[in-house]
Amino acid sequence: MMDLQSLWRRRKSAFWQEVFPYFRYVGQSGFLLFLGFIFIGGAAGYVGFLGRIPADFPIRTVSLIVLLPFVLWSSFRTFLQPADLVYLLRVEPRMKEYFRKSIGYSVKPKLILLSIVYGILWLLYVRADQDPKPFLLLWGVLLALNIMNSYGSWQERCMSRPGVRWSYRLTRWLISIVLLAVWLWQPTWKAVIFSLIVIITYVVALRVPRKHAVPWELLIATERDQRGRFMIFLNWFVDVPSMPQKVYKRTWLNVLGRRIRFQQDSAYDYLYLKTLLRSDVLGMVIRLTVLGMLILYWVRSSNWALPLYAFMLLIIGTQLTAIRRFHRYSFWASIYPIPYHFRKKAVVKVARRTHLALAFILWLPLLLTSGAWSMVFAALVGGIAFVYFFQWAWSQKKWMEHEDDEDL
């Protein structure tokens with residue numbers, strides 16, 4: 001009889017044995033040192049802010065915004081492989097043994113991270129809120145909300161119809177927002193009664209849709225996507241084996257591709273732009289841009305605004321370097337009757353134009369500052385200059401000095 005728990009442990013061990021050697025290059029890159037400086041600077045600024053909290057500081061709104069992403073985070077690593085659809089199908093009735101390990105492995109780190117974020121935020125919450133909830137009570141509520149999200153997320157994966165799955169996901173997000181807001185704004189007894197009614201109703205509603213015993217194809221595709229994102233991160237620092245990435249339709253962005261001229265020297269421009277628009281990389285940089293806009297809106301009138309603007313541009317630019325690896329091992333790209341140098345030119349052009357567009361969008365919250373307008377427009381000019389310098393340095397150092405054309 002197949003030992004499914006042992007199989008899960010072997011697959012987890014194999015995954016980490018595969019990726020662990022690459023973390024040496026992450027350390028050598030100075031990335032960890034950079035994060036250390038950010039942490040020290042952030043801690044110093046946070047401690048200083050704790051001593052001068054404004055009387056009208058919106059602590060409950062800030063707590064809701066900070067805690068909500070960690071409450072909603074409910075992804076799972078299953079380590080499933082495409083061949084499992086054939087070889088593990090015969091043990092489908094026993095797959096609960098396998099998934100029990102996956103759920104525990106995935107949920108525990110999220111609870112720990114949520115606890116750390118809550119502990120850091122508590123120092124501000126207890127000083128700024130006029131009627132703060134007890135530490136242990138609110139901590140237990142946050143853990144319970146995250147567990148509820150994990151349970152609901154797993155049940156959603158089992159639902160047979162995509163439309164129903166998405167409707168339940170949106171409902172779960174809405175419920176989480178409302179419950180967290182109730183616990184931050186309302187008295188404890190009202191929050192307890194309301195939460196019990198809503199959670200019981202939600203759990204019962206999860207039993208209504210038709211479900212698969214094991215949604216093999218969805219779980220395998222999700223595992224492939226999560227593994228691919230992990231590899232994209234490692235690709236910032238060292239070349240790793242390419243992973244098949246999920247392709248997103250995003251038909252509403254097709255108009256951008258139509259603006260490219262139908263000429264030989266624009267063929268790679270079209271290829272790389274279309275690939276970017278349908279890749280995970282675009283989703284990542286959009287999420288970073290939205291997050292950066294929210295942060296910059298909050299600190300728009302402080303001395304932190306310009307350094308944070310430059311920092312977000314650096315992170316976005318680093319993400320966009322993944323464009324270089326699109327179609328790197330594509331057979332068809334190697335036989336196109338197009339000069340090879342057009343490929344490098346197209347990669348740099350697509351990355352630079354995308355970076356410039358996001359730099360402008362990221363700059364918009366600074367228009368709402370109460371400071372000098374000259375500094376606001378100087379920030380935009382500086383951001384544009386930073387993008388050009390970053391893309392130039394990236395193209396020169398990463399390719400011209402260390403790689404030849406055939407290793408692009």
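Start at 1 with the first residue, then count along the sequence. Because the structure is a prediction, the values reported are computed rather than measured.
- Of the N and O atoms on the side chains of Arg172 and Ser176, not one donor lies less than 3.5 Å from an acceptor on the other residue.
- Using a 4.5 Å heavy-atom cutoff, the side chains of Phe79 and Tyr98 are in contact.
- Not counting sequence neighbours, the partners of Trp363 by the ring-ring contact (aromatic ring centres under 6.0 Å, His included) test are Phe360, Phe377.
- Listed by chain and number, the residues in a ring-ring contact (aromatic ring centres under 6.0 Å, His included) with Tyr202 amount to none (sequence neighbours excluded).
- Under the side chain to side chain contact (heavy atoms under 4.5 Å, CB included) test applied with Val182, the options Leu180, Leu184, Val178 reduce to a single match, Val178.
- Taking the six-membered ring for Trp and the full ring otherwise, Trp122 and Tyr125 have centroids separated by under 6.0 Å.
- Here the side chains of Trp183 and Leu142 are not in contact, with every heavy-atom distance at 4.5 Å or above.
- Taken to the nearest 0.5 Å, the CG atom of Leu282 stands 11.5 Å off from the OG1 atom of Thr275.
- In this structure a side-chain-to-backbone donor-acceptor pair under 3.5 Å is missing from Ser13 to Arg9.
- Side-chain contact between Val387 and Gln391 is present, with at least one heavy-atom pair separated by less than 4.5 Å.
- Annotation: side chain of Tyr268 is not in contact with side chain of Lys345 (no heavy-atom distance under 4.5 Å).
- With ring centers used as reference points, Phe386 lies 6.0 Å or more from Tyr309.
- At least one side-chain heavy atom of Phe194 sits less than 4.5 Å from a side-chain heavy atom of Leu179.
- At least one side-chain heavy atom of Leu218 sits less than 4.5 Å from a side-chain heavy atom of Arg165.
- Note that CG of Asp269 and NZ of Lys274 are 13.5 Å apart. Values are rounded to the nearest 0.5 Å.
- The closest donor-acceptor contact from the side chain of Ser153 to the backbone of Asn149 lies at 3.5 Å or more, if one exists at all.
- Glu97 and Trp8 share no donor-acceptor pair across their side chains, judged by distance under 3.5 Å alone.
- The shortest side-chain heavy-atom distance between Lys110 and Ser75 falls under the 4.5 Å cut-off.
- With respect to the salt-bridge test (charged N to carboxylate O, under 4.0 angstrom), the residues Arg11 and Glu223 do not qualify.
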